[in-house]
Structure formats: structure tokens, C-alpha cells
There are 2 protein chains.
Amino acid sequence: MQTIEQLLESKDIRVTVMRLLIYKFLAEKQVAVTLSDIENAFEKADRTTLYRTIKTFEEKDIVHQIDDGTGITKYALCEKGCNCEIETDLHLHFHCNNCNETICLTEHKIPQIKVPDGFVSENVNLVVKGICDKCSR
Amino acid sequence: MQTIEQLLESKDIRVTVMRLLIYKFLAEKQVAVTLSDIENAFEKADRTTLYRTIKTFEEKDIVHQIDDGTGITKYALCEKGCNCEIETDLHLHFHCNNCNETICLTEHKIPQIKVPDGFVSENVNLVVKGICDKCSR
DNA sequence: ATAACAAATGCACTTCCATTGCACTTACTA
DNA sequence: TAGTAAGTGCAATGGAAGTGCATTTGTTAT
Ligand SMILES: [Mn+2]
Ligand SMILES: [Mn+2]
Ligand SMILES: [Zn+2]
Ligand SMILES: [Zn+2]
């Protein structure tokens, strides 16, 4: 079991207070978060810092970006074994039309998609929208 | 064979010069267009008019919106038989990373996606990114 | 320990797209 | 033809993303 510090260092990210806090915030969340969510959680910190932190995390494959169609990009921690490096977001994402939350369905891989002759598929974004388990019961 | 006028009227859209022009513009295009694309094509017209026209078309299921992940929403005419009303975008969309164009692959329906217990799927957005046929040859 | 350097942070500002309020014009309807 | 509703143009706003630069913090070498 490695500490967050060790994880960051293993990805060539220098450990800072801000980064540890943001990492912990993401880890506690069960849903994908927007930059505004982070902003609201850390009102004392500057938006730019939060923005650049999440960008650093993204570059180093600590988080992956999710485009759920709301127009606002969201982020979620990569699971161990997530290989965003190779092909982004192999798993699908679910966006709840009721509570507006988006979650990673890491167990649900994206099926192979056929494209017409001449087209080359490099990656796939699949978002299912509907009602989440919390809202449907 | 119905005229564009008849089509618009059948969808409860009043016919205006602007609307006819914009419809024709969309019909000629083989790719999804942004609001800016329309703007560039009709420099004399106001942005707002174009914006509201496309919104009207969208409401009345003349066009459907496409979120291809570029951050800019695109629009394309619905094919006859396209039932956006019921479930949006049953077909998949292809975004070319080279020429930046997005097209509807209307023949390619989205496969049935399984979601976990408690989740209710209402619709699905599927975007494949890669190299289009024009750019790959 | 301290100086020198590099990276991280904070502040201000910018850009781009989407959206709205309101005045004016055009088109339908009585 | 007058009255009314819808469409259009202009101006302004808001939100999110992104950048330049000064300042602070942390790392490294002397
Ligand atoms: Mn995910
Ligand atoms: Mn389409
Ligand atoms: Zn929900
Ligand atoms: Zn292309």
C-alpha cells in the first residue's frame, strides 16, 4: 500500500499541500467533479492553482477528463490499471439527468465499435444518460 | 416530395427567408456545423437570429445537436425517420482529429448498452474519434 | 546554512461561446 | 387595413477556459 505522496512522486509530480488536498478531495468523491466543484471546496485557494493542478494530474494520468455532454468538463481519478495513456476512457460514463451527477462505470468497458471503410477509430467517448441508482429508487 | 416550406410548416415552424436559407445551408453540408460556421456563411445576418433559428430547428426536431468533445456544439439535419424526439442520437458520430470535421454515421446505430442495476438508461451519446475517410487516403 | 535556481501559486486579464432583454420590423389574422 | 404575434437586430451579460507575469515556496548545490 503506497501513500498519496508516493503515488504522486512515482508519477513525477512534486508533492505540495494543495496537491495532496485536491487528491484527497477527488478520492473521497464518488462522482466526477468540475473545476467549480473543486473551487467551492477550496475557497481560499486560487482558481488558477486548482486549474493547473488538475491539468497536471491529467497530464500525468492521475485523473481523466470526462465530457458528459453538459458542456462542463469533469474529472475523476483514474483507477489503478486505468490506461488513459493508451486509449482514453475505455470504460463508459453515466450521467444522471436528475441529480446531474456523472460517474465512472469502470466495470463497463466500451464495446468494439465498427466504423465504415476508410475511417480509422482512435478512441471512443460513450456517455449513457438517464437516472442513477440513487435517484431511481 | 415536399418542399422545404412544406416541411417547415408541417413542423409548426413559420417560414421566413432566413429559415429557408439556413435550412438549405444545412442541407448542402455533409458535415455537422457550428454556429460560427453558419455565421460565416451569412455575414449579413445577426448572430442571434442564427442562434435562435437553430434552436427553433432543434426544438422542432429539424436538426439534432452533436457534442463531439471539441467543446463547441454542432448541428446536423435530422434524416427522415430520425426520431430525436424519442431518443436522441441513436446513430453514432465520428469526429476527425485531422480535419476537425464531425459527421453523422446514420447507418451505424449505437449498440445496446448494459448499465448496472438501479440505473435507467434514457439515451446514449457515442462519439468515435480518429481519422476520416477523406483524411486517411 | 545559505545562495541560486526552478517550480508552484496568486492575481489580473483575456478569449470564446452561449444566452438574454429590449426595441424594432416583419408577417399573419380578424 | 389595423391589431397582434412572431421574428430579427443590437447590446450586453455570464460562464468556463486559458495565459502572462510577479511573488512565493521548495529543491539543490556550494
Ligand atoms: Mn471515468
Ligand atoms: Mn447525427
Ligand atoms: Zn441521480
Ligand atoms: Zn478528416
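Lys55(A) places its NZ atom 13 Å from the C1' atom of dT19(D), with the value rounded to the nearest Å. As a whole-Å value, the separation of Glu39(A) CD from dA17(D) C1' is 12 Å. Rounded to whole Å, the distance from CZ on Arg52(A) to C1' on dA16(D) is 16 Å. Atom CG of Asp46(A) and atom C1' of dA12(C) are 10 Å apart (whole Å). Asp12(A) places its CG atom 19 Å from the P atom of dG26(D), with the value rounded to the nearest Å. With rounding to whole Å, Asp67(A) atom CG is found 11 Å from dA17(D) atom P. In this structure, Arg47(A) places its CZ atom 12 Å from P of dG15(D), rounding to the nearest Å. For the pair Asp37(B) CG and dA18(C) P, the computed distance is 11 Å after rounding to whole Å.
Around CD of Gln2(B), the count of heavy atoms belonging to other residues, nucleotides or ligands within 6.0 Å exceeds 12.
Formation of a donor-acceptor pair under 3.5 Å by the Lys134(B) side chain with backbone atoms of Ile131(B) is not found in this model.
Side-chain N/O atoms of Thr49(B) include one lying less than 4.0 angstrom from OP1 or OP2 on dG9(D). Listed pair Lys44(B) / dG9(D) fails the phosphate criterion, with no side-chain N or O lying under 4.0 Å from OP1 or OP2. Under 4.0 angstrom from either OP1 or OP2 of dG7(D) there lies at least one side-chain N or O belonging to Arg19(B). Taking 4.0 angstrom as the limit, Thr56(B) places none of its side-chain polar atoms (N or O) nearer than this to OP1 or OP2 of dG7(D). A sub-4.0 Å separation between OP1 or OP2 of dT19(C) and a side-chain N or O of Tyr51(B) is present. In terms of phosphate contacts, Thr16(A) brings no side-chain nitrogen or oxygen within less than 4.0 Å of OP1 or OP2 of dA7(C). For dA16(D), the OP1/OP2 oxygens have no side-chain nitrogen or oxygen of Thr73(A) closer than 4.0 Å.
Within the 4.5 Å cutoff, the side chain of Arg19(B) has heavy atoms near those of the Ile13(B) side chain.
No engagement by Thr34(A) is indicated, since no non-hydrogen atom pair under 4.0 Å with the nucleic acid exists.
The only member of Asp68(B), Thr70(B), Asp67(B), Thr34(B) that meets side chain to side chain donor-acceptor pair (under 3.5 Å) when paired with Thr102(B) is Asp68(B).
In terms of position on DNA chain D, the residue among Tyr75(A) and Leu50(B) whose nearest nucleotide sits closer to the 5' end is Leu50(B). Heavy-atom nearest nucleotides on DNA chain C were determined for Arg14(B) and for Leu35(B), and the one closer to the 5' end corresponds to Leu35(B).
A donor and an acceptor atom sit less than 3.5 Å apart, one in the side chain of Thr48(A) and one in the base of dC11(C).
Aromatic pair His64(B)/His93(B): centroids less than 6.0 angstrom apart.
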